[in-house]
Amino acid sequence: MSALHGKKILLGITGSIAAYKAASLVRLLIKAGAEVQVLMTAAATDFITPLTLATLSRNKVHTDVASGDSWNNHVEMGLWADAMVLAPLTATTLAKLSHGICDNIIAATYLSARCPVFFAPAMDLDMWKHPATLENVGRLKGFGNQLIPVGTGELASGLIGEGRMAEPEAIVKVLSGHFAYAQSLKGKRVLVTAGPTYEPVDPVRFIGNRSSGKMGIAIADELNARGAAVHLVLGPSALSPSRPGVEVTRVGTAREMYKAATEVFGRCDAAVLAAAVADYRPAEAADQKIKKEGEEMSLRLIRNPDIAAALGQTKAAHQRLIGFALETQNGLENAKAKLARKNLDLIVLNSLADTGAGFNHDTNKITLLSKGNKKREFELKFKTAVAVDIVNALQDLWG
Ligand code: CTP
């Protein structure tokens, strides 16, 4: 069955000669089992009739925010859709969307849509290459919308070059790829730990570390984007996951993180332990602020529980465990030892010796080491891209 089966697609058609291709796009989407609602700008109706598209989509076509005495609820349509596709998208509507100008039904719906948005521009060669267009495309991409690249060939003007709308088959392929990806971890439940832990010394002081939580949060978001149920146990971090589907338990200390993680692990298919857990805590946390006395003071520290090792001990045959090793020296050796000691299936090694890697950076450079000491090294990448590599590796562990 196509990944598009049962998906609700909102198709916005704007006034380009390529609008005629929208008919076969609608036909292909319907054939793949999608539900389609079509929105058109007034200019689009000069190129293809709403009647054609209403017939093919088996739904009324909307061309205006209000028609006669009724108001077409663009907010409702935006919420209805699983994906919005703008094809063809003209330079004019592209410019409007990139600046939030809302003077037609497509712009109004675009601004209210919460679903992923895909856009397939269509325009003449020089219009496509103009810096204004390139900037507007960049702005839409910056909003998280996905560009379906233009094709090259003969254009309506007679010029030959880039600017043609992607073929309907290519657009359908992008959409079904998106839905297949979004369901690839459906049915899996994953625990992720992230961030530092703060171990109180007294009511105003703590022992902690410089972890921002970025890497673990990016992993939680990536898992959820692929359809997994994610339980994120997050230490004191200023950040939060961007996907509302991620379930977050905020904790302060290593012992709180241990409790939260061990409580949910039994129900999970995997755990990714990205947290930088403090190995020791003050033996006693003072009730009142400690006042200074004398030239020296010492704190007695005691061991915190090791979450990764505890989960490694209870791990069932179907469960997978991924840990991290942040090292400043002898990275590989230390990582190998941790992999075995904590009964992990995979360990992510990052070395503070690599520039741009580790705490508080947006980037990271990792080496993955699996049981049997298989090693894979990766380039320096944004943490969101590193999260994709780590989740791919987890998917491989499930086979
Ligand atoms: N970890 C954990 N609980 C702890 C300490 C570490 O769950 N109390 C996890 C980390 O989240 C990470 C892995 O274990 O996935 C390795 O953490 P690291 O601090 O590098 O290893 P340690 O076992 O603490 O070893 P050392 O401090 O000697 O380097």
Side-chain angles (χ1 to χ4, degrees), residues 190-201 205-223 230-243 246-262 264 271-282 285 301 303-311 321-329 331 334-335 338-339 342 344 346-369 378 380-391 394:
V190 185
L191 159 71
V192 180
T193 66
T197 64
Y198 286 179
E199 311 299 326
V201 171
R205 305 176 179 101
F206 60 84
I207 293 179
N209 59 64
R210 297 181 199 279
S211 166
S212 63
K214 261 181 210 157
M215 192 62 251
I217 289 173
I219 291 169
D221 276 330
E222 179 59 27
L223 285 162
V230 182
H231 196 110
L232 173 66
V233 180
L234 182 58
S237 160
L239 309 172
S240 308
S242 36
R243 297 183 63 86
V246 174
E247 204 180 314
V248 187
T249 304
R250 291 205 175 249
V251 295
T253 65
R255 281 185 298 171
E256 286 165 11
M257 188 175 274
Y258 177 86
K259 186 167 179 291
T262 48
V264 296
V272 183
L273 305 167
V277 187
D279 290 322
Y280 295 90
R281 67 176 182 277
L301 302 178
R303 277 288 280 274
N304 267 329
D306 188 320
I307 303 163
L311 302 188
L321 207 52
I322 300 186
F324 277 69
L326 178 71
E327 306 293 340
T328 52
Q329 56 183 347
N334 286 329
K338 278 177 199 176
L339 181 80
K342 304 194 186 202
L344 307 173
L346 188 81
I347 193 152
V348 183
L349 167 65
N350 41 92
S351 160
L352 282 187
D354 290 317
T355 26
F359 286 172
N360 258 316
H361 289 286
D362 284 327
T363 49
N364 202 1
K365 185 172 182 318
I366 61 162
T367 302
L368 294 182
L369 203 69
F378 293 81
L380 184 76
K381 295 181 182 183
F382 280 108
K383 284 186 173 168
T384 44
V386 175
V388 171
D389 293 333
I390 293 172
V391 175
L394 173 59

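Bear in mind the structure is a predicted one, so any value in this text is a computation, not a measurement. Starting from 1, each residue takes its place in the sequence as its number.
- Put simply, the residue from I366, V348, I390 that forms a side-chain contact (heavy atoms from CB on, under 4.5 Å) with F378 is I366.
- Dense packing is recorded around CZ of R250, with more than 12 heavy atoms of other residues, nucleotides or ligands lying under 6.0 Å away.
- T197 contributes a side-chain N or O that, together with a main-chain N or O of A278, makes up a donor-acceptor pair within less than 3.5 Å.
- Looking at K214, K381, K383 one by one, the single match for side-chain hydrogen bond (donor to acceptor under 3.5 Å, both in side chains) with D362 turns out to be K214.
- Listed here is the closest heavy atom pair of G195 and L234: N-CD1, 4.3 Å.
- Taking each heavy atom of P241 and D221 in turn, the nearest pair found is CB-OD1, 3.4 Å.
- The shortest non-hydrogen separation linking M257 to G235 is CE-N, 3.7 Å.
- For OH of Y198, the number of neighbouring non-hydrogen atoms (other residues, nucleotides, ligands) closer than 6.0 Å is greater than 12.
- In terms of heavy atoms, A274 sits closest to G216 at CB-CA, 3.7 Å.
- N209 and A276 get closest at one heavy-atom pair: ND2-O, 2.9 Å.
- Between the E199 side chain and the A254 main chain, a donor and an acceptor come within less than 3.5 Å of each other.
- Between the side chain of T193 and the backbone N or O of A275, at least one donor-acceptor pair lies under 3.5 Å.
- Nearest heavy-atom pair, V201 versus P282, reported as atom, atom and distance to 0.1 Å: CG2-CG, 3.9 Å.
- Each of I322, V233, I347, L311 was compared with L273 under the side-chain contact (heavy atoms from CB on, under 4.5 Å) criterion, and only L311 meets it.
- In this structure, NZ on K338 lies 9.0 Å from CG on L349, to the nearest 0.5 angstrom.
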